[in-house]
Amino acid sequence: MKPIRWSPHALKNLADREIPRAEADKALQSPDVVVPGDPPRRIFMRRYLDQRFGQEMLVRAVVEEKTDEMLVITVYITSKISKYIKGT
């Protein structure tokens, strides 16, 4: 796996939205689903149980894959899992 670099915007989102960094890292390392975004971006998604909300959430990380690294553009969470992962 290529090294992962976080953009300042993505790091700010982690802090501002209180997204667990461990869950975001898991989404990048072993996603449930990866879908194409606006080229050259891809969206890495993974479900997890959020302790704050007491429910299953979906972390979504928008990534630009470069020749030598993966750049995380933004990251956010949502409870609307079926909107993004069909058949759930």
Side-chain angles (χ1 to χ4, degrees):
M1 182 174 186
K2 295 179 185 178
I4 297 169
R5 182 167 57 97
W6 291 78
S7 71
H9 175 77
L11 291 172
K12 184 172 181 349
N13 281 357
L14 280 176
D16 290 352
R17 299 174 183 186
E18 299 179 27
I19 300 169
R21 174 70 184 256
E23 296 299 338
D25 286 337
K26 285 180 191 174
L28 296 169
Q29 295 166 358
S30 57
D32 291 339
V33 178
V34 179
V35 297
D38 292 333
R41 296 178 177 180
R42 295 189 306 155
I43 303 165
F44 289 65
M45 297 181 277
R46 183 179 174 95
R47 288 179 271 192
Y48 74 101
L49 179 60
D50 192 295
Q51 299 301 319
R52 290 177 302 154
F53 301 117
Q55 68 180 39
E56 188 174 50
M57 299 290 281
L58 182 70
V59 62
R60 302 185 84 224
V62 178
V63 175
E64 280 187 13
E65 192 162 353
K66 312 253 186 208
T67 56
D68 58 340
E69 68 181 2
M70 292 173 56
L71 174 62
V72 181
I73 303 299
T74 192
V75 63
Y76 61 95
I77 58 174
T78 180
S79 62
K80 297 178 180 169
I81 298 168
S82 61
K83 176 178 177 179
Y84 297 105
I85 299 178
K86 305 300 181 213
T88 58

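Each residue takes its place number in the sequence, starting with 1.
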By salt bridge (charged side-chain N to carboxylate O under 4.0 Å, His left out) - contacts of Arg17 (at least two apart) | none

Going by the side chain to side chain donor-acceptor pair (under 3.5 Å) test, which pairs reach into residues 26-39, not counting sequence neighbours?
-> Ser30-Arg46

Side chain to side chain donor-acceptor pair (under 3.5 Å) with Thr67: which residues, sequence neighbours excluded?
-> none

In chain order, what residues pass the side chain to side chain donor-acceptor pair (under 3.5 Å) check against Glu69, with sequence neighbours excluded?
-> Arg5

Quick one: side chain to side chain contact (heavy atoms under 4.5 Å, CB included) partners of Tyr84, sequence neighbours excluded?
-> Met45, Leu58, Arg60, Tyr76, Thr78

Give me the other members of the hydrophobic cluster that Met70 sits in, counting Ile, Leu, Val, Met, Phe, Trp and Tyr linked by side-chain heavy atoms under 4.5 Å, directly or via other members.
-> Met1, Ile4, Trp6, Leu11, Leu14, Ile19, Leu28, Val34, Phe44, Tyr48, Phe53, Met57, Val59, Val63, Val72, Val75, Ile77

With sequence neighbours left out, what residues match Lys12 under side chain to side chain donor-acceptor pair (under 3.5 Å)?
-> Asp16

Those residues that, when tested against Glu64, pass side chain to side chain donor-acceptor pair (under 3.5 Å) (two or more places apart) = Arg41, Lys66

Between atom CD1 of Ile43 and atom OG1 of Thr74, what is the distance when rounded to the nearest 0.5 Å?
-> 10.5 Å

Going from CZ on Arg47 to CD1 on Ile81, what distance comes out if it is rounded to the nearest 0.5 angstrom?
-> 6.5 Å

